[in-house]
Amino acid sequence: MSKELTEALETVAQATNELVVAIANLQSCLQQIKTQEQSEWMTLTEASPKLGLSIRQMRDRINDGRWKHGKHYINVSDGVAPRYRVNCRAIDNVQSLPPEKRRYR
């Protein structure tokens, strides 16, 4: 094998190793993001004690439009009946304001 070919193969091998490390780092970052997103969205039962609201109160806020879909709640139903998850952090941010300054949208 020629010297140039050997050097080229070594360069490719090094680049491949660096790419494998970068992919592993990316997978780790994506897993952290996924875990964080899952922990932000809670079922109504899980969120009730944290928010200090009953399940009925949370459903009322969803149904009357005070909470914005995608920001404060999401619907994860299978199409039969609504099953909601709420973002406690986004709701806490709004609820920490005085009532006259609350804007859910």
Side-chain angles (χ1 to χ4, degrees):
M1 231 189 296
S2 70
K3 183 178 178 182
E4 292 91 17
L5 183 58
T6 304
E7 289 175 358
L9 290 173
E10 288 174 1
T11 302
V12 168
Q14 182 180 3
T16 302
N17 289 338
E18 290 173 4
L19 185 58
V20 167
V21 170
I23 290 171
N25 288 337
L26 181 59
Q27 287 174 328
S28 174
C29 289
L30 289 173
Q31 183 62 37
Q32 288 175 351
I33 290 169
K34 183 178 178 182
T35 302
Q36 181 182 15
E37 286 177 353
Q38 287 175 344
S39 67
E40 285 182 14
W41 295 97
M42 301 175 139
T43 65
L44 298 184
T45 304
E46 295 167 339
S48 180
K50 183 171 172 50
L51 296 173
L53 298 169
S54 70
I55 293 173
R56 180 76 259 154
Q57 288 172 313
M58 289 187 282
R59 286 188 184 279
D60 288 345
R61 284 166 172 77
I62 290 168
N63 293 330
D64 68 16
R66 280 188 272 175
W67 288 354
K68 183 178 178 187
H69 184 271
K71 181 177 182 181
H72 301 109
Y73 77 95
I74 56 175
N75 186 346
V76 293
S77 72
D78 56 4
V80 176
R83 286 188 12 230
Y84 299 111
R85 289 191 175 267
V86 294
N87 185 330
C88 291
R89 186 181 309 158
I91 294 167
D92 278 339
N93 289 342
V94 174
Q95 288 191 165
S96 66
L97 299 172
E100 65 274 6
K101 293 189 177 185
R102 291 181 188 170
R103 292 180 56 200
Y104 289 95
R105 298 184 205 292

Would you call H72 and V94 a side-chain contact if the rule is heavy atoms closer than 4.5 Å?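 They are in side-chain contact.
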I'd like to check E40 versus R85 (side-chain heavy atoms, cut-off strictly below 4.5 Å). Are they in contact? no
Could you pull out the closest heavy-atom pair between [X] and [Y], with the gap in Å?
{"X": "Q57", "Y": "G52", "result": "OE1-O, 4.4 Å"}
{"X": "W67", "Y": "M58", "result": "CH2-CG, 3.5 Å"}
{"X": "R61", "Y": "D64", "result": "O-OD1, 3.0 Å"}
{"X": "A47", "Y": "V86", "result": "CB-CG2, 3.3 Å"}
{"X": "H69", "Y": "I74", "result": "NE2-CA, 3.9 Å"}

I need the M42 CE to C88 SG distance, nearest 0.5 Å.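 Between M42 CE and C88 SG, I get 4.5 Å after rounding to 0.5 Å.
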Please identify each residue that fulfils side-chain contact (heavy atoms from CB on, under 4.5 Å) with P99, with sequence neighbours left out.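 Scan of P99 (side-chain contact (heavy atoms from CB on, under 4.5 Å), adjacent residues dropped) gives R102.
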Excluding sequence neighbours, so at least two apart, what forms side-chain contact (heavy atoms from CB on, under 4.5 Å) with T45?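 Counting only residues at least two positions away or on another chain, T45 forms a side-chain contact (heavy atoms from CB on, under 4.5 Å) with T43, I55.
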In terms of relative ring orientation, are Y84 and Y73 parallel, tilted or perpendicular, with 30° and 60° separating the classes? perpendicular
Salt bridge (charged side-chain N to carboxylate O under 4.0 Å, His left out): which pairs involve residues 2-12, sequence neighbours left out? none
Which donor-acceptor pairs under 3.5 Å do side chains of residues 12-21 form with protein atoms, sequence neighbours excluded?
{"residue": "T16", "atom": "OG1", "partner": "V12", "partner atom": "O", "Å": "2.7"}
{"residue": "N17", "atom": "ND2", "partner": "A13", "partner atom": "O", "Å": "3.4"}

N75: partners by side chain to side chain donor-acceptor pair (under 3.5 Å), with sequence neighbours left out: S77
Using the test side chain to side chain donor-acceptor pair (under 3.5 Å), find all partners of D60 that sit at least two apart in sequence or belong to another chain.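 Testing D60 for side chain to side chain donor-acceptor pair (under 3.5 Å), a comparison that skips the adjacent residues, returns R56.
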